[in-house]
Asker: 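Here it is: the structure, laid out below.
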Amino acid sequence: MVLNPRESGEYIAGIAKHVKINQDGVQRAAELVLKGFLQQDFNLNTWWKSHELNPKNRILPFTLDWIFFVDTLNFSFWSEEGRDYKITYQGKTYTGYWSLCAAVNRSIEEGFDITSPSNYSNISLEKLKHIFRSDTGVEIPLLDERHRILLETGKCLVEKFNSTFATCVDFAKNNAEELLKIVLLNFASYRDEASIDGQSVSFYKRAQILIGDIWVCFEGQGIGAFHDIEKLTIFADYRVPQALVYLEAMEYSDELLKTLKEDKLIDNGGRFEVEIRGCTIWTTELIWKVIKEKQKNGEVPKDLIINAILIDNYLWQYRRDHAEEMEHIPFHKVRCIYY
């Protein structure tokens, strides 16, 4: 049996040898996150709108297809030394995940809607390479894998879901768990699983962030009104753990830290990676638990909307805003299609 992401996080944290969760750091991280929410610097109504590359008009089915496209390719954006992948769009230069969004919007502006399943279900590798062209001439990481996934995913949408991801969302009927099942059943590249000490575990980073993005984009209303949204966990990637270590909510063993500082590529599904990702999930659950306890005790307004998705988005943005301060903390480098 494969444990779900929350069960996986708790299980992995309980057997981890190389990652330790520090309760004092969890408490401080919870205070930091809570401060951001209470000061209205960050909440459900501001996250999506605050980024200029996100679609603002919520046109259907375009917006859902845009979200599905970028989350289908939302993996492996870290650059190798001296080989930065950057895209300048409308006068601003983007890196990482936002470079993907910039490339997508640039393609649409140039007359080719790359987010349409009918278009990417048979797209050529050369066409995709042109769409993702960078300022530096550096190719987007894992281009061949991205091409394969788009062909596979687009074909499924065209043949089974009326050429739009909106059909999948309609089938789920505002149920996040049901939409997760639909995605995992039909799109193989979203099946983000591993094994540790003989136990099958899951992270489902992209599948969960896909649902989270729909919820945030539509501000929990209409097609984004998932009544069970709190069943989702944080999206275990390679940057949020860096923030949690910086905040001293997590701590790495000397062996793991040495490996990361030597800038070694670690294995997808290996113990180091599985422990980092699992403990990231569980650390964030503990942060959320602290905040919920404060709500229960009346220290925090009970109507404050906060969950694992928003905590993840806050920590991810916090890492970007404090990137220079975190330079001394290595992040784990993995080349895979899952994150």
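Atoms considered below: every heavy atom in the structure, side chains included; atoms not considered: hydrogens, waters and symmetry mates.
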Asker: For the CD1 atom of Ile329 and the NZ atom of Lys261, what is their distance to the nearest 0.5 Å?
Answerer: 9.5 Å
Asker: Give a yes or no answer on whether the side chain of Asn162 reaches the backbone of Thr164 with a donor-acceptor pair at less than 3.5 Å.
Answerer: no
Asker: Check for a donor-acceptor pair, side chain of Asn54 on one end and backbone N or O of Trp48 on the other, with a separation under 3.5 Å.
Answerer: yes
Asker: Think Arg146 forms a cation-pi with Phe77, using NZ or CZ under 6.0 Å from the six-ring centre and within 45 degrees of its axis?
Answerer: yes
Asker: For the atom pair CG (Leu125) and NE2 (His130), what is the distance rounded to the nearest 0.5 Å?
Answerer: 13.5 Å
Asker: Any carboxylate oxygen within less than 4.0 angstrom of a Lys/Arg side-chain nitrogen, looking at Lys35 and Glu31?
Answerer: no
Asker: Under 30°, 30 to 60°, or over 60°: which ring-plane class applies to His332 and Tyr339, parallel, tilted or perpendicular?
Answerer: tilted
Asker: Check whether any side-chain N or O of Arg335 sits under 3.5 Å from a backbone N or O of Leu142 as a donor-acceptor pair, and report yes or no.
Answerer: no
Asker: Has Arg319 got a side-chain atom pairing as donor or acceptor with Arg239's backbone, closer than 3.5 angstrom?
Answerer: no
Asker: Would you check if the distance from the ring center of Tyr120 to the ring center of Phe69 is below 6.0 Å?
Answerer: yes
Asker: Under 3.5 Å, is there a donor-acceptor pair between the Glu109 and Tyr89 side chains?
Answerer: yes
Asker: Among Val290, Leu32, Asn22, exactly one meets side-chain contact (heavy atoms from CB on, under 4.5 Å) together with Gln27. Which residue is that?
Answerer: Val290
Asker: Do Thr136 and Asp84 have a side chain donor and acceptor closer than 3.5 Å?
Answerer: no
Asker: Between Leu3 and Trp282, is there a shared hydrophobic cluster once you connect ILVMFWY residues whose side-chain heavy atoms come closer than 4.5 Å?
Answerer: yes
Asker: Taking the basic N atoms (NZ, or NE/NH1/NH2) and the acidic carboxylate oxygens, is any pair closer than 4.0 Å for Arg6 and Glu10?
Answerer: no
Asker: List the steps and the verdict of salt bridge (charged side-chain N to carboxylate O under 4.0 Å, His left out) for Lys155 and Glu159.
Answerer: CA-CA 6 Å; Lys155 184 173 183 286; Glu159 293 180 353; 3.1 Å; yes
Asker: Can you confirm whether the side chains of Tyr204 and Glu193 place a donor and an acceptor under 3.5 Å from each other?
Answerer: yes
Asker: Is Leu304 reachable from Trp215 through a run of hydrophobic residues whose side-chain heavy atoms are each under 4.5 Å from the next?
Answerer: yes
Asker: Salt-bridged, Arg271 to Glu275, with N to O below 4.0 Å?
Answerer: yes
Asker: Think Lys127 forms a cation-pi with Phe112, using NZ or CZ under 6.0 Å from the six-ring centre and within 45 degrees of its axis?
Answerer: yes
Asker: Treating Thr153 as the side-chain partner and Leu150 as the backbone partner, does any N or O pair qualify as donor plus acceptor under 3.5 Å?
Answerer: no
Asker: Decide, yes or no, whether a salt bridge links Glu139 with Arg83 under the criterion of side-chain N to carboxylate O below 4.0 Å.
Answerer: no
Asker: Side-chain heavy atoms under 4.5 angstrom apart, residues restricted to Ile, Leu, Val, Met, Phe, Trp, Tyr: same cluster for Ile149 and Val158?
Answerer: no
Asker: Look up atom CD1 in Ile281 and atom CD1 in Ile12, then write down how far apart they are to the nearest 0.5 Å.
Answerer: 6.5 Å
Asker: Flag yes if Leu185 and Met1 sit in one hydrophobic cluster, no otherwise; membership is Ile, Leu, Val, Met, Phe, Trp, Tyr, and two members link when side-chain heavy atoms are under 4.5 Å apart.
Answerer: no
Asker: Got a donor-acceptor contact below 3.5 angstrom from the Asn174 side chain to the Gly222 backbone?
Answerer: yes
Asker: Does the side chain of Asp65 pick up a donor-acceptor pair with the side chain of Thr115 at under 3.5 Å?
Answerer: no
Asker: Under a 3.5 Å distance rule, please check whether Asp228 uses its side chain to pair with a backbone N or O of Lys231 as donor and acceptor.
Answerer: no
Asker: Is the distance between the ring centroids of Tyr252 and His18 less than 6.0 Å?
Answerer: no
Asker: Would you compute the distance between atom OH of Tyr238 and atom OG of Ser76 and round it to the nearest 0.5 angstrom?
Answerer: 6.0 Å
Asker: Please state whether the rings of His51 and Trp98 are parallel, tilted or perpendicular, taking 30° and 60° as the class boundaries.
Answerer: parallel
Asker: Do Phe68 and Phe187 pass the ring-ring contact (aromatic ring centres under 6.0 Å, His included) test, and can you show the C-alpha distance, the side-chain angles, and the key distance before you say yes or no?
Answerer: CA-CA 11 Å; Phe68 181 73; Phe187 309 109; 5.2 Å; yes
Asker: Can you give me the closest heavy-atom contact between Ser202 and Val2, atom names plus distance?
Answerer: CB-CG1, 3.8 Å
Asker: Backbone N or O of Ile21 within a donor-acceptor pair of the Glu251 side chain at under 3.5 Å?
Answerer: no
Asker: So, the side chain of Ser107 versus the backbone of Ala103: is there a donor-acceptor pair under 3.5 Å, distance only?
Answerer: no
Asker: Among side-chain atoms of Glu52 and Gln90, is any donor-acceptor pair under 3.5 angstrom?
Answerer: no
Asker: If a pair satisfies salt bridge (charged side-chain N to carboxylate O under 4.0 Å, His left out) and one of its residues is in residues 200-221, list it, with sequence neighbours excluded.
Answerer: Lys49-Glu219, Arg58-Glu219
Asker: Under a 3.5 Å distance rule, please check whether Thr284 uses its side chain to pair with a backbone N or O of Ile234 as donor and acceptor.
Answerer: no
Asker: Take the angle between the ring planes of Tyr314 and Phe37 and call it parallel below 30°, perpendicular above 60°, tilted in between.
Answerer: tilted
Asker: Are a donor atom and an acceptor atom from the side chains of Glu325 and Tyr246 found within less than 3.5 Å of each other?
Answerer: yes
Asker: Going from OG1 on Thr167 to CZ on Phe161, what distance comes out if it is rounded to the nearest 0.5 angstrom?
Answerer: 8.0 Å
Asker: Could you tell me whether Arg277 and Asp237 have a side-chain N and a carboxylate O separated by less than 4.0 Å?
Answerer: no
Asker: We want to know whether Thr88 and Thr93 form a side-chain donor-acceptor pair, criterion being a heavy-atom distance below 3.5 angstrom.
Answerer: yes
Asker: Taking only Lys NZ, Arg NE, NH1 and NH2, and the carboxylate oxygens of Asp or Glu, determine whether Lys333 and Glu81 approach each other closer than 4.0 Å.
Answerer: no
Asker: Are side-chain N/O atoms of Gln208 and Tyr190 paired as donor and acceptor at under 3.5 Å?
Answerer: no
Asker: CD1/Ile276 to OG1/Thr283 distance, rounded to the nearest 0.5 angstrom?
Answerer: 11.5 Å
Asker: Can you see whether Arg320 engages Gln317 through a side-chain donor-acceptor pair at a distance of less than 3.5 angstrom?
Answerer: no
Asker: Before you tell me yes or no, could you show the steps for Glu262 and Lys258 under salt bridge (charged side-chain N to carboxylate O under 4.0 Å, His left out), namely the whole-Å CA-CA distance, both residues' side-chain angles and the distance that decides it to 0.1 Å?
Answerer: CA-CA 6 Å; Glu262 289 173 351; Lys258 180 176 182 293; 2.6 Å; yes
Asker: Identify whether Leu73 and Val138 are in the same connected component of the hydrophobic contact network (ILVMFWY, side-chain heavy atoms under 4.5 Å).
Answerer: no
